[in-house]
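Structure first, then comments.
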Amino acid sequence: MSAEEGDWNFYLRTVSNSARDSNITNGPASDPSLLHAVKKLCEFCKREDKTSDDLVARVYPHLNKLFQRSVASLSQSNSSNGLLLLGILQFFLDFGEMVLHDADPSLHTFIRSCLSRQFADPIVAAAALDFLYVNKNKLLISFPNLLPQFFPLILKLTAWHGGKLEKPFLKVLPGLVSPGSFLPLFPSLMDLPILVVALEKVERSSGSLVGNNIASIQKSKAPEMLLALMDEAYTGTTIGERGGDESEESSTINVADPLFLELLKDENDGLVERHWTSPGIAAVLQAAKNSPQSDRLKQILNIAPRLLDAYFTIALRDANSSLICALIPILMTRISALFPDQNYMYEVRRRLLEFMLTAFHRSPDLIPLLKKPIIDRLGNAYDSTEKTELALQLCWAVGEYGGGGPTHKDAARELFESLELLLYENLSSSRLGLRQEAAVDSNRKSFSKSSQSRLLCFVITAITKLATHHRELLPRARVALIKVARSRISDSRVSKRAHVYLGLIDEPGICLPVLGPSRPSHGFVHYPGTVNWNERGNKMVAHIPFYILGEQEGPPFHDFSLSDVLPRR
């Protein structure tokens, strides 16, 4: 017998003896040589020779029994079986077709029974992500629903270990995205900081997360933990300090329990609305805001925006227009519902707005499809600073893309009417983000006036652009601009811009290149900045310097000729 055959027989006996062991208390992972034996047997089986098929057939029954024994001992054993199970799963994936073994039940068993208990173990977590990445193509082809189904558990694993697993997770992230997980994955990424807060609360209340299955938390103390969070936020006391009637506590637990389970779930069960105005969420956010941030929370606040970048890249590359159309209203809602950290809110909101505008740029037809949520957001422009910024960006998109284009006249008219209403509300009132301006200081008043001026400029620009795309709206646009130009607005920039737009819409040949479509559409060839004199009512050119210089005061700062303005032939 050769030395190699002797090693093979030794490793096979090691696995066989462990597979036959009926002692559940001492799990297979308690033998440190077993994992090494499994890896060596896999290496022997991968060799391309005549005996490899026979080796696979001899090894498979023992590994299958060892897998079942390892799973059965998870709840009783103190040892971590994660690495051993991953080694056996690798064998199932590599040689499953040869031995007629369907790896799908084994993969589900591992995730539900082992990874859900050991996700907090840094070694098991890193090995699991590496396993998913190495076998990503196999999993997506043979088991396309596996990764999308368990993305909440993979997110939980990544959130708990923070920066250590950011790069491995980014490699696996494309496999998590499918038509069924695309929409639920977005709010889960947004809520990673809250997930960390919830996990840390579980750890403080019940000890180490390693070996505890949080998915079955409804049978444990999780509702009581969430109630403790609410007590700390509202009364500054804990359950133990407050005491009180247990029946009263139980009624509160029944309300809070689904929220807690939604945050800590392991499997994707579809898009579930998360009520940010609920007492449970308010308590979690308030408690997190009033408490010092842990190192783990600081890490995830820095990581989450980068994960959103990767998600949006995948969305723009792989998702169809229907999914993007369904995502944008969720995005609009969440832009004002974020974890209360200033830098995190800034970074996330910037990415949300950039993605929304990119989606509109790629598919202007989304604007008429989303006219109702757009109109609703324009109507809420006064509520907060972040909603004002969202309304500004929507105004720009509506005007820039003509409400979806020349074929969407009804939608353009409705959007135009919404912009008109917003304009007239601003002209008749100076409120913007403030309901009681008399009660605020001078700095807030100054900020309010500046924000209102900015909003007015965006609105009148959108109105003028819409009328340029849809000529039937020109009379109404002219009336709106005249009202702005004649209004007594303290900021002269607004009235000046209205005067400029009034002059532009009276000169169609110049207005179309300046405010018309930014790209050719529906067979109409148009080059931005190119004046088409055939569409002008007259050939006068006296106003050209005025439009080019814009808001420059005084005489032109240089001499120019028409050759500087008109394209050379």
Side-chain angles (χ1 to χ4, degrees), residues 136 139-141 143-152 154-155 172-191 262 267-274 307-337 348-349 351-378 380 390-391 393-415 418 469 517-522:
K136 184 173 66 172
L139 295 175
L140 292 179
I141 294 173
F143 318 106
N145 296 323
L146 180 73
L147 294 180
Q149 179 180 350
F150 291 100
F151 82 78
I154 299 173
L155 280 180
V172 175
L173 179 58
L176 306 182
V177 181
S178 72
S181 66
F182 177 76
L183 294 179
L185 182 57
F186 172 68
S188 296
L189 288 171
M190 297 276 289
D191 291 338
E262 170 62 22
E267 298 186 38
N268 172 27
D269 52 7
L271 185 63
V272 178
E273 184 179 0
R274 300 183 180 182
L307 300 185
L308 278 175
D309 278 336
Y311 171 81
F312 288 144
T313 300
I314 296 169
L316 293 172
R317 184 187 65 206
D318 300 334
N320 57 40
S321 297
S322 298
L323 289 174
I324 299 292
C325 186
L327 175 64
I328 291 179
I330 304 174
L331 180 151
M332 293 179 183
T333 302
R334 290 304 306 269
I335 206 166
S336 58
V348 170
R349 283 173 184 153
R351 287 164 169 81
L352 297 182
L353 293 175
E354 288 177 354
F355 171 77
M356 182 184 69
L357 295 179
T358 302
F360 286 149
H361 176 74
R362 289 183 50 179
S363 303
D365 290 343
L366 292 176
I367 294 177
L369 293 175
L370 296 171
K371 65 182 179 181
K372 187 179 186 307
I374 291 176
I375 291 173
D376 291 341
R377 270 43 185 202
L378 292 177
N380 296 332
L390 174 61
Q393 303 302 325
L394 290 174
C395 285
W396 183 89
V398 168
E400 179 68 14
Y401 305 113
T407 60
H408 301 283
K409 294 190 177 298
D410 291 339
R413 177 181 51 78
E414 293 183 43
L415 292 167
S418 179
H469 286 74
S518 58
R519 57 183 180 181
S521 60
H522 301 281

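Note that the numbering runs from 1 along the sequence shown for the chain.
Using cut-offs of 30° and 60° for the angle between ring planes, the Phe182 and Tyr311 rings count as parallel.
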* To do: Could you walk me through whether Tyr401 and His469 pass side-chain hydrogen bond (donor to acceptor under 3.5 Å, both in side chains), step by step?
  => CA-CA 9 Å; Tyr401 305 113; His469 286 74; over 6 Å; no
* **Stepwise side chain to side chain contact (heavy atoms under 4.5 Å, CB included) check, Thr333 with Arg377** => CA-CA 9 Å; Thr333 302; Arg377 270 43 185 202; 2.8 Å; yes
* Asked: Given Asn380 and Leu390, is the side chain to side chain contact (heavy atoms under 4.5 Å, CB included) satisfied, shown in steps?
  -> CA-CA 10 Å; Asn380 296 332; Leu390 174 61; over 6 Å; no
* Could you walk me through whether Ile324 and Phe355 pass the side chain to side chain contact (heavy atoms under 4.5 Å, CB included) check? -> CA-CA 10 Å; Ile324 299 292; Phe355 171 77; 3.8 Å; yes
* Intermediate values then yes/no, side chain to side chain contact (heavy atoms under 4.5 Å, CB included), Lys136 and Val172 -> CA-CA 7 Å; Lys136 184 173 66 172; Val172 175; 5.7 Å; no
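A distance of 6.0 Å separates CG of Leu369 from CG of Leu366, quoted to the nearest 0.5 Å. Remark: Thr313 OG1 to Leu173 CG distance equals 9.5 Å, nearest 0.5 Å. Note that CG of Asp365 and OG1 of Thr407 are 6.5 Å apart. Values are rounded to the nearest 0.5 Å. A distance of 12.5 Å separates CZ of Phe143 from CD of Gln149, quoted to the nearest 0.5 Å. One finds the CZ atom of Arg351 at 12.5 Å from the OG1 atom of Thr358 (value rounded to the nearest 0.5 Å). Expressed to the nearest 0.5 Å, how far OG of Ser188 lies from CG of Leu176 amounts to 10.5 Å.
Looking at Ser181, its side chain does come within 3.5 Å of a backbone N or O of Ser178 through a donor-acceptor pair. No donor-acceptor pair under 3.5 Å is formed between the side chain of Arg334 and the backbone N or O of Phe186. Looking at Arg349, its side chain does come within 3.5 Å of a backbone N or O of Ile335 through a donor-acceptor pair.
Taking 4.5 Å as the limit, every side-chain heavy atom of Val177 sits out of range of all side-chain heavy atoms of Leu147. Counting heavy atoms from C-beta outward, Leu140 and Leu146 have side chains that stay 4.5 Å or more apart. With contacts defined as side-chain heavy-atom distances shorter than 4.5 Å, the pair Pro329/Leu370 qualifies. Contact check for His408 versus Ile367: no side-chain heavy atoms found under the 4.5 Å cut-off. Counting only heavy atoms from C-beta outward, the side chains of Leu394 and Met332 approach each other to under 4.5 Å. Side-chain contact between Phe360 and Val398: absent, with no pair of heavy atoms (C-beta onward) separated by less than 4.5 Å.
Salt-bridge annotation for Lys371 and Asp410: absent, with no side-chain N of the basic residue lying under 4.0 Å from a carboxylate O of the acidic one.
Here the closest heavy-atom approach between residue Leu323 and residue Leu183 is recorded as O-CD2, 3.9 Å. When every heavy atom of Ala411 is checked against every heavy atom of Pro368, the shortest pair comes out as CB-CB, 3.5 Å. In terms of heavy atoms, Pro148 sits closest to Asn268 at O-CB, 3.5 Å.
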